[in-house]
Amino acid sequence: MERYPMMRINAKVRNFLFGMFNKEFLIFLLFLVISALFWLGMTLNETYEREYMVTMAMDKVPKNAVITKSIDDTVLVTIRDRGFLHTAYTYSDRLKKVKVNFLTYANKKVGKGVVSQVELQKIIYKRLYGSSKVVSVKPDKMDFTFNYGLSKKVPVRLMGSIVPAKSYYLARTRFWPDSVLVYATQAKLDSIKYVTTEDINIENFEDTVVRNVSLSKVDEVKIVPATVKIALYPDILTEGSIEVPITAINMPAGMVLRTFPSKVKVKFIVGVSMFKKIRPEQFLVVADYKELMKRPSDKCNIYLRTSPHGTAKAQLEIRQVDYLIER
């Protein structure tokens, strides 16, 4: 019994699909498809220009040669041809990984190579269909530099803004590796004393920060490795003080300058981890005999000349003391 209602439904669907209105729609759809195919055929057969990004790479580089400045990774090439060939270029590998022969363009005497615009066009034409025409190539030339292992090792330095959290300071910075090899001409090697990281901006940190960072590029120089690991060690700041003896300077032979007191307290700010390492002999507090002779006074000025690395805002608790000069 269920078969007959289903058959009636199918009949109604067929009648709807092949009704007068739907016949007209199907005819319209057919002509639309034909028009689209005709338009597509006309378009693909027309000649026009299109710009492509062509990937470039060095080829046949000797094992003992080090490229210190490579050619551009890509060039922009404008090609004129029919539409269906543009479609072929778009969806094929013809314009991918175009190779430049190192041996053809390298000048071993000067350690440089230049690929002119004319040469670039010749290289690209080898990858094109016969009817295609190169309209333009950007850049108009490519150059590269190289040497045969001339290098030296230089240290790595931090570049950027490193600001620990409030009441903290940057106690120590560490690199892995802490020095790298740079390959370049002798003149450039002589001028390079160190290499820097790219700008690093890290703020408001309380715990150790470890990151992989890239090194800043230097023109016509290859850096190995190109990235390093860096660790930033913050420490909590604390106030401290220590008694330091006063040292007389510029004293004539046979003369002695005695101060009262003989020691003075120095206040400073330092990281907690370094606090116990601070010693009086790391500071230098002086009284200058020459100054006393130029400007005699009842009191002797004292000055803090030296304070240990890692301390900040070091200052004397008092700036004048009583004194006595003995012969």
Side-chain angles (χ1 to χ4, degrees), residues 43-44 46-151 159 180-185 188 192 195-200 212-228:
T43 301
L44 291 177
E46 287 183 0
T47 299
Y48 62 95
E49 296 177 3
R50 182 173 177 181
E51 187 176 71
Y52 295 90
M53 186 176 290
V54 180
T55 305
M56 309 296 291
M58 295 293 297
D59 187 33
K60 296 184 179 180
V61 180
K63 292 182 179 179
N64 62 336
V66 178
I67 302 296
T68 54
K69 177 191 174 186
S70 185
I71 60 174
D72 295 331
D73 293 336
T74 57
V75 296
L76 296 177
V77 182
T78 302
I79 299 173
R80 180 186 295 129
D81 210 333
R82 287 177 292 177
F84 68 89
L85 288 179
H86 282 298
T87 302
Y89 290 135
T90 301
Y91 295 103
S92 70
D93 293 335
R94 278 182 170 267
L95 298 180
K96 295 179 180 178
K97 294 183 180 179
V98 175
K99 295 181 179 180
V100 176
N101 191 324
F102 172 90
L103 300 175
T104 302
Y105 303 100
N107 186 332
K108 295 180 181 179
K109 292 183 179 179
V110 296
K112 291 185 179 181
V114 178
V115 187
S116 67
Q117 187 178 51
V118 173
E119 292 297 320
L120 277 172
Q121 289 186 356
K122 288 181 181 179
I123 294 170
I124 293 168
Y125 264 121
K126 292 179 181 179
R127 307 297 293 269
L128 302 181
Y129 295 105
S131 60
S132 299
K133 179 177 177 58
V134 175
V135 177
S136 67
V137 178
K138 299 176 184 178
D140 57 1
K141 70 174 182 178
M142 295 192 302
D143 56 5
F144 59 93
T145 60
F146 62 95
N147 69 27
Y148 291 97
L150 192 61
S151 65
M159 184 66 67
V180 295
L181 275 177
V182 290
Y183 294 84
T185 62
K188 279 191 173 289
I192 298 173
V195 295
T196 66
T197 65
E198 292 183 344
D199 280 350
I200 306 170
N212 290 318
V213 297
S214 299
L215 299 177
S216 293
K217 295 180 180 179
V218 182
D219 190 37
E220 297 186 1
V221 175
K222 182 173 183 178
I223 303 173
V224 181
T227 60
V228 297

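All values below come from the heavy atoms of this structure, side chains included, with hydrogens, waters and symmetry mates left out.
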Could you measure the distance from the [atom1] atom of [X] to the [atom2] atom of [Y]? Nearest 0.5 Å is fine.
| X | Y | atom1 | atom2 | answer |
| --- | --- | --- | --- | --- |
| K138 | T78 | NZ | OG1 | 6.5 Å |
| I124 | R94 | CD1 | CZ | 13.5 Å |
| S136 | R80 | OG | CZ | 10.0 Å |
| D199 | S214 | CG | OG | 12.0 Å |
| K141 | E119 | NZ | CD | 13.5 Å |

- Do V77 and L95 have side-chain heavy atoms sitting under 4.5 Å apart?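 No - every pair of side-chain heavy atoms lies 4.5 Å or more apart.
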- Item | Test item: I123 and V115 side chains (from C-beta on) under 4.5 Å apart, heavy atoms | yes
What heavy-atom pair brings [X] and [Y] nearest, and what distance separates the two atoms?
| X | Y | value |
| --- | --- | --- |
| K97 | R127 | O-NH1, 3.7 Å |
| L215 | P225 | CD1-O, 3.5 Å |
| F146 | K112 | CE2-N, 3.5 Å |
| Y129 | Y89 | N-OH, 2.8 Å |
| L120 | P139 | CD1-O, 3.8 Å |

- Task: Please report the C-alpha distance between T90 and R50 in whole Å, then the side-chain angles of each, then the deciding distance to 0.1 Å, and finally whether the side chain to side chain contact (heavy atoms under 4.5 Å, CB included) criterion is met.
- Result: CA-CA 10 Å; T90 301; R50 182 173 177 181; 2.9 Å; yes
- Message: Y183: which residues meet the ring-ring contact (aromatic ring centres under 6.0 Å, His included) condition with it, sequence neighbours left out?
- Response: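 In terms of ring-ring contact (aromatic ring centres under 6.0 Å, His included), with neighbours along the sequence ignored, Y183 is linked to no residue.
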- Task: Take V182 and V195, measure what side chain to side chain contact (heavy atoms under 4.5 Å, CB included) needs, and give me the verdict at the end.
- Result: CA-CA 9 Å; V182 290; V195 295; 3.9 Å; yes
- Message: Using modelled atom types and a 3.5 Å cut-off, is there a donor and acceptor pairing between side-chain atoms of S216 and backbone atoms of T197?
- Response: yes
- Under 3.5 Å, is there a donor-acceptor pair between the side chain of D72 and the main chain of T74? no
- Message: Between I223 and V180, is the side chain to side chain contact (heavy atoms under 4.5 Å, CB included) condition met? List the steps.
- Response: CA-CA 7 Å; I223 303 173; V180 295; 3.7 Å; yes
Donor-acceptor pairs under 3.5 Å, side chain of residues 52-71 to any protein atom, not counting sequence neighbours: which ones?
from	atom 1	to	atom 2	distance (Å)
Y52	OH	H86	O	3.3
Y52	OH	H86	ND1	2.6
T68	OG1	T145	O	3.2
T68	OG1	T145	OG1	2.6
K69	NZ	D143	OD1	3.1

- Query: Where do L150 and T185 land on the side chain to side chain contact (heavy atoms under 4.5 Å, CB included) test, with the steps shown first?
  - Reply: CA-CA 7 Å; L150 192 61; T185 62; 5.6 Å; no
- Query: Centres of the Y105 and F144 rings: under 6.0 Å?
  - Reply: no
